There are 2 protein chains.
Amino acid sequence: MEGTVREMATVSSAVAAVRDSRDSAAASAGVSKSTLAYAYIKERIEDSRYSPGYRLVLGTIAGELGVSVVPVREAIRLLEAEGLVQFERNVGAQVAMADPREYEVTMQTLSLVEGWATAASAPFMASEDVARARAINDRLAESLHHFDPVAFTRLNLDFHSVLFEHCPNPHILDLVDRGWARLRALRESTFSFVPGRAKESVAEHARILDLIERSADAVELEFAARNHRLATLDAFLAHERATHPAKAVSGRRVSPAPTAVPSGGHSRPGSKTTVDKESA
Amino acid sequence: MEGTVREMATVSSAVAAVRDSRDSAAASAGVSKSTLAYAYIKERIEDSRYSPGYRLVLGTIAGELGVSVVPVREAIRLLEAEGLVQFERNVGAQVAMADPREYEVTMQTLSLVEGWATAASAPFMASEDVARARAINDRLAESLHHFDPVAFTRLNLDFHSVLFEHCPNPHILDLVDRGWARLRALRESTFSFVPGRAKESVAEHARILDLIERSADAVELEFAARNHRLATLDAFLAHERATHPAKAVSGRRVSPAPTAVPSGGHSRPGSKTTVDKESA
DNA sequence: CATGATGAGATCGTATATTATTTCGTACAC
DNA sequence: GTGTACGAAATAATATACGATCTCATCATG
């Protein structure tokens, strides 16, 4: 399962190469057309050339790629399985809508799987991995001055990738990848960036790194990573409420507590939901 | 995303209906052929008519269903995305192999998402839901005498379904569904049933229900549910080691700790990894 | 003016046909 | 006898073609 997706995700750069070199066998070397279509569409979704709601018409995309509709259709169904596009029978596909609730559940899911992956990955991290992560976090801190949201987001992913990349459970690692892919697709939302959150984020990164270096308890680390993500989500929701007070996300909440790690405690600073073994 | 899968999962019974009524429009009413093929194949994987390693040949299945290969192919790719089948380019698909490691990572993943889903679902459970769950657990206890692994497994899913069905995060709920689907596919393994584990399982169910009734802390509940599943996994692995001592699953372990909730504490009974707020 | 029917265009769903790839058996050379 | 090259059969990958379904605009009707 993850095999396919991961493999496909790496083909992006081959898209342009194949596109117009219609003649040679070199084009068809390696990647299948459905893989090509997959990379082509995903790339466009993630960099917002296809923004949420954009209709993905089989024939059009097939024409652009110089292939038939069959592989394009397959690519779209795969993207649907990943949640990047929505699909309706006999109607067609469109890029998944970026409503706040979607962002909320995606971040919540990511907090869960990424938290676990980070904790499970930690014991396998070499000290040089920690150093690498710290270096990235330094660049994050530095970028706070001449603040560039795009660069920040990218560095942020790089940082966390180092933390969870040694996760020994491939299923969960795959879920983490998918979560980040969805976030990239929803970037609009992410970029209604919460002012000030970036600085806190860097500080929390440092704290997580400390936990890893001390070989802290796995649950403690899991919840530190989980809460780090949930804090970003909460900041976003709070910012959302402040900005659009009327149509606030007050409908049916997605989670019982304010967002939340199930304990519901994390959003009150100082009463971290983590186990607090150290405080004694 | 979950829309498709969930919808498709309910079509199973329509398979037989459509199969030979080749004539009428009534057949094609509603379900698409790819949906049909999806249900047809999944049904056979889950009831082990297609056992692990079975080769899924497009033309053969298409012939059995009286459709062309195109929808069959699509169904297989979807099943691949769910991890039920393995796929190789230009070679074909086969039912995913049921090695112990696959079982291990699947159970681990399920422990994570089901634990969260259970905790998040609890606040939305009506007292009648709890009563329903307790009734199912009573039947589980009863079934311990004239022990039937198939019936037990089914009741076990029913029980847990009641616990997590109100989970407000559809993504995570979908992941739970997929986890259980994979387990069904791996049933061989599951049925190298660990003697004695069933009784413990029933007792743990009762404890979880108590936590829910007392509106216990969400983290405590999450870890109770998580550890419940991990305990089953550990029992299986221990049993595995005892049965096949030589080729024991000692290669590269999938998880740092004995299996485990990241804390690594759950396997030592009495030092439950949960927060233990109540113990004070 | 509102509302429902009707038809054209767009797009999807699937069947059929063609091409490409792999696999496996067989014959030939060493 | 063993290994390698070749070729045929099986199967997947894709293209093309056609039928099915939806959408939307237009028009008739109350």
Side-chain angles (χ1 to χ4, degrees), chain A residues 3-4 7-8 11 14-15 18-19 21-41 50 53-80 85-95, chain B residues 3-4 7-8 11 14-15 18-19 21-41 50 53-80 85-95:
Chain A
T4 306
E7 172 201 340
M8 283 186 155
V11 201
V15 176
V18 179
R19 266 227 282 168
S21 67
R22 200 72 50 81
D23 52 324
S24 69
S28 68
V31 296
S32 68
K33 313 236 171 148
S34 49
T35 306
L36 178 74
Y38 176 92
Y40 180 83
I41 300 169
Y50 294 166
Y54 183 93
R55 275 200 68 190
L56 301 168
V57 178
L58 295 183
T60 305
I61 297 175
E64 288 169 12
L65 283 169
V67 302
S68 84
V69 298
V70 179
V72 176
R73 178 185 165 85
E74 181 170 309
I76 287 181
R77 299 300 301 249
L78 274 183
L79 289 166
E80 186 204 6
V85 311
Q86 294 171 332
F87 195 86
E88 195 176 351
R89 169 108 190 260
N90 283 322
V91 173
Q94 58 181 43
V95 178
Chain B
T4 306
E7 171 201 339
M8 285 187 153
V11 203
V15 177
V18 180
R19 265 227 285 166
S21 67
R22 201 70 49 83
D23 51 328
S24 69
S28 70
V31 295
S32 68
K33 313 243 171 136
S34 48
T35 307
L36 178 74
Y38 176 92
Y40 178 84
I41 299 169
Y50 294 167
Y54 183 93
R55 272 201 71 192
L56 300 168
V57 178
L58 295 183
T60 306
I61 297 175
E64 288 169 12
L65 283 168
V67 303
S68 83
V69 298
V70 180
V72 175
R73 178 184 166 86
E74 180 169 309
I76 288 180
R77 300 299 302 250
L78 273 184
L79 289 165
E80 188 205 4
V85 312
Q86 293 171 333
F87 196 87
E88 194 177 353
R89 168 108 192 266
N90 284 322
V91 173
Q94 59 181 43
V95 177

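Note that this is a predicted model, so its numbers are computed, not measured. Letters A, B, ... are given to chains in the order of the sequence lines, protein chains preceding strands, and every chain is numbered from 1. The basis for the numbers below is simple: all heavy atoms, side chains too, and nothing from hydrogens, waters or symmetry mates.
- A/Ile61 places its CD1 atom 18 Å from the P atom of C/dA10, with the value rounded to the nearest Å.
- Nearest to the side chain of A/Val57, among D/dT21, C/dA15, C/dT11, sits C/dT11.
- If you take CD of A/Glu74 and P of D/dA13, they are 8 Å apart, rounded to a whole angstrom.
- Between B/Ser34 and the phosphate of C/dT14, there is a side-chain N or O to OP1/OP2 separation shorter than 4.0 Å.
- Atom-to-atom, CG of A/Leu56 to P of C/dT11 comes out at 12 Å; the value is rounded to the nearest Å.
- When rounded to the nearest whole Å, the span between CZ of B/Arg73 and P of C/dA15 equals 15 Å.
- Considering only side-chain atoms of A/Asn90, the nucleotide from D/dT14, C/dT21, D/dT21 that sits closest is D/dT21.
- Residue-level contact check: A/Ile76 touches neither bases nor backbone, having no heavy atom under 4.0 Å from any strand.
- Atom-to-atom, CG of A/Leu58 to C1' of C/dC12 comes out at 7 Å; the value is rounded to the nearest Å.
- Residues forming a side-chain contact (heavy atoms from CB on, under 4.5 Å) with B/Val69 (at least two apart in sequence, or on another chain): B/Leu58, B/Ala62.
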Pairs under 3.5 angstrom, nitrogen or oxygen only, protein versus nucleotides 16-19 of chain C, please.
none

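- Between the CD atom of B/Gln94 and the P atom of D/dT11 there is a distance of 14 Å, rounded to whole Å.
- For the pair A/Glu88 CD and D/dT21 C1', the interatomic distance rounds to 12 Å; values are reported in whole Å.
- Each of A/Val67 and B/Ala93 has a nearest nucleotide on DNA chain D; the 5'-most of these lies closest to B/Ala93.
- Whole-Å rounding puts the B/Arg55 CZ to C/dT23 C1' distance at 9 Å.
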